[in-house]
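To start, the structure under review is shown below, and the notes come after it.
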Amino acid sequence: MVQNIRVTGTGQLLELSARLRRAGHENIRASFHRRLRRAAEPLRDDLQDTIRNLDIRSQGRASGKRGGPSLTTRPLRATIADAIRISVRTTGDPGARVWVDKGRLPPDLRRMPDVINDGRIRHPVFGNRKRWATQWATPGWWDKTLRTHTERITREVERVTDDVRRHLE
């Protein structure tokens, strides 16, 4: 299942954001925010590339069956890739979050990132709810990409946190 990833070191980030507020150093806070965002950007970019290049296969048409172009003009994978977002907070619940903004997806595609992550896509054929097709994608496009970046992001957030803490002392 596609889940939000949150990059936090809760105790350290909470304590650091409180110190930043008390110190009132706006340029340090802006730098902290920018560096947290930069730590999460490669993950977002890799997730977008992964979904754009994901192979979705079907059984194909049986001989003698009719077919035709898609009734929609929107590209599925590009639409999902464009909905992947980063949000960074340095106050309250500080951290970086990479997520699929379902509000940026058309209503009929809101569950699609989760469905594709599961690997099996069942859908009506050209909107005909009496005929269904099954397509297959490599399962875990979100989970696998997330796992490859987790260690790097954690290291980067720790480094940024240490730099800002040293700057405040």
Side-chain angles (χ1 to χ4, degrees), residues 1-56 72-121 136-169:
M1 172 158 73
V2 176
Q3 298 174 350
N4 298 339
I5 174 174
R6 300 188 53 137
V7 179
T8 59
T10 38
Q12 291 178 351
L13 288 174
L14 282 171
E15 175 243 328
L16 191 58
S17 70
R19 287 177 62 191
L20 275 171
R21 255 191 325 275
R22 283 192 306 268
H25 294 290
E26 198 56 42
N27 59 346
I28 296 174
R29 189 180 314 170
S31 171
F32 182 49
H33 187 275
R34 184 176 58 252
R35 290 175 70 188
L36 284 177
R37 176 174 288 280
R38 280 194 189 141
E41 282 174 351
L43 172 60
R44 183 210 46 209
D45 296 343
D46 200 13
L47 284 167
Q48 289 175 334
D49 289 344
T50 302
I51 190 66
R52 280 191 178 108
N53 299 316
L54 190 67
D55 185 35
I56 297 177
T72 64
T73 57
R74 63 175 186 247
L76 171 68
R77 291 170 279 212
T79 302
I80 294 171
D82 291 340
I84 298 174
R85 297 272 176 257
I86 299 175
S87 62
V88 177
R89 293 181 59 166
T90 55
T91 60
D93 187 15
R97 184 173 158 223
V98 178
W99 53 294
V100 176
D101 184 358
K102 297 195 177 179
R104 292 187 52 90
L105 293 174
D108 59 331
L109 295 182
R110 296 228 165 108
R111 288 192 58 244
M112 195 54 70
D114 295 324
V115 170
I116 293 175
N117 195 50
D118 292 340
R120 181 173 177 252
I121 308 161
W136 304 94
T138 307
W141 69 274
W142 181 272
D143 302 330
K144 290 175 186 173
T145 307
L146 187 64
R147 263 182 265 147
T148 61
H149 285 269
T150 302
E151 189 176 317
R152 181 197 56 79
I153 291 175
T154 304
R155 277 195 320 268
E156 183 67 21
V157 168
E158 287 173 357
R159 188 170 66 81
V160 168
T161 305
D162 290 344
D163 287 352
V164 171
R165 184 178 292 120
R166 243 182 279 116
H167 211 74
L168 287 173
E169 292 174 351

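These figures come from a predicted structure and were not determined experimentally.
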(request) List in chain and number order the residues that pass side chain to side chain donor-acceptor pair (under 3.5 Å) with R159, two or more places apart in sequence or in another chain; answer none if no residue qualifies. (result)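 R159 satisfies side chain to side chain donor-acceptor pair (under 3.5 Å) with E156 once adjacent residues are dropped.
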(message) Please enumerate all residues that pass side chain to side chain donor-acceptor pair (under 3.5 Å) together with R38, with sequence neighbours excluded.
(response)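 R38 satisfies side chain to side chain donor-acceptor pair (under 3.5 Å) with no residue once adjacent residues are dropped.
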Over all atoms of both residues, closest heavy-atom pair of [X] and [Y]:
{"X": "R120", "Y": "V115", "value": "O-CG1, 3.4 Å"}
{"X": "M112", "Y": "L76", "value": "CG-CD1, 3.7 Å"}
{"X": "S87", "Y": "W99", "value": "OG-NE1, 3.6 Å"}

Rounded at 0.5 Å granularity, tell me how far [atom1] in [X] sits from [atom2] in [Y].
{"X": "R89", "Y": "L36", "atom1": "CZ", "atom2": "CG", "result": "12.5 Å"}
{"X": "N53", "Y": "T138", "atom1": "CG", "atom2": "OG1", "result": "11.5 Å"}
{"X": "T50", "Y": "K144", "atom1": "OG1", "atom2": "NZ", "result": "10.5 Å"}
{"X": "N117", "Y": "D143", "atom1": "CG", "atom2": "CG", "result": "4.5 Å"}
{"X": "T154", "Y": "E151", "atom1": "OG1", "atom2": "CD", "result": "7.5 Å"}
{"X": "W141", "Y": "I116", "atom1": "CH2", "atom2": "CD1", "result": "7.0 Å"}

(request) Compare all side-chain heavy atoms of L105 with those of P113 and state whether any distance is below 4.5 angstrom. (result)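 Side chain of L105 against side chain of P113, heavy atoms only: contact under 4.5 Å found.
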(request) Answer whether the closest heavy-atom distance between the side chains of I51 and T145 falls below 4.5 Å. (result)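 Side-chain contact under 4.5 Å: no.
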Sequence neighbours excluded and cut-off under 3.5 Å, please list the side-chain donor-acceptor pairs for residues 41-49, or say none.
| from | atom 1 | to | atom 2 | distance (Å) |
| --- | --- | --- | --- | --- |
| D46 | OD2 | H149 | NE2 | 2.8 |
| Q48 | NE2 | A81 | O | 3.0 |

(message) I'd like to know if R111 and D118 make a salt bridge, using a cut-off of under 4.0 Å between side-chain N and carboxylate O.
(response)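 Salt bridge between R111 and D118, a charged N being under 4.0 Å from a carboxylate O: no.
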Please enumerate all residues that pass salt bridge (Lys or Arg N to Asp or Glu O under 4.0 Å) together with [X], with sequence neighbours excluded.
{"X": "R110", "value": "none"}
{"X": "R52", "value": "D82"}
{"X": "R147", "value": "none"}

(message) Tell me if a side-chain donor or acceptor on D101 pairs with a main-chain N or O of R85 at a distance below 3.5 Å.
(response)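 The answer is no, because no donor-acceptor pair under 3.5 Å joins these two groups.
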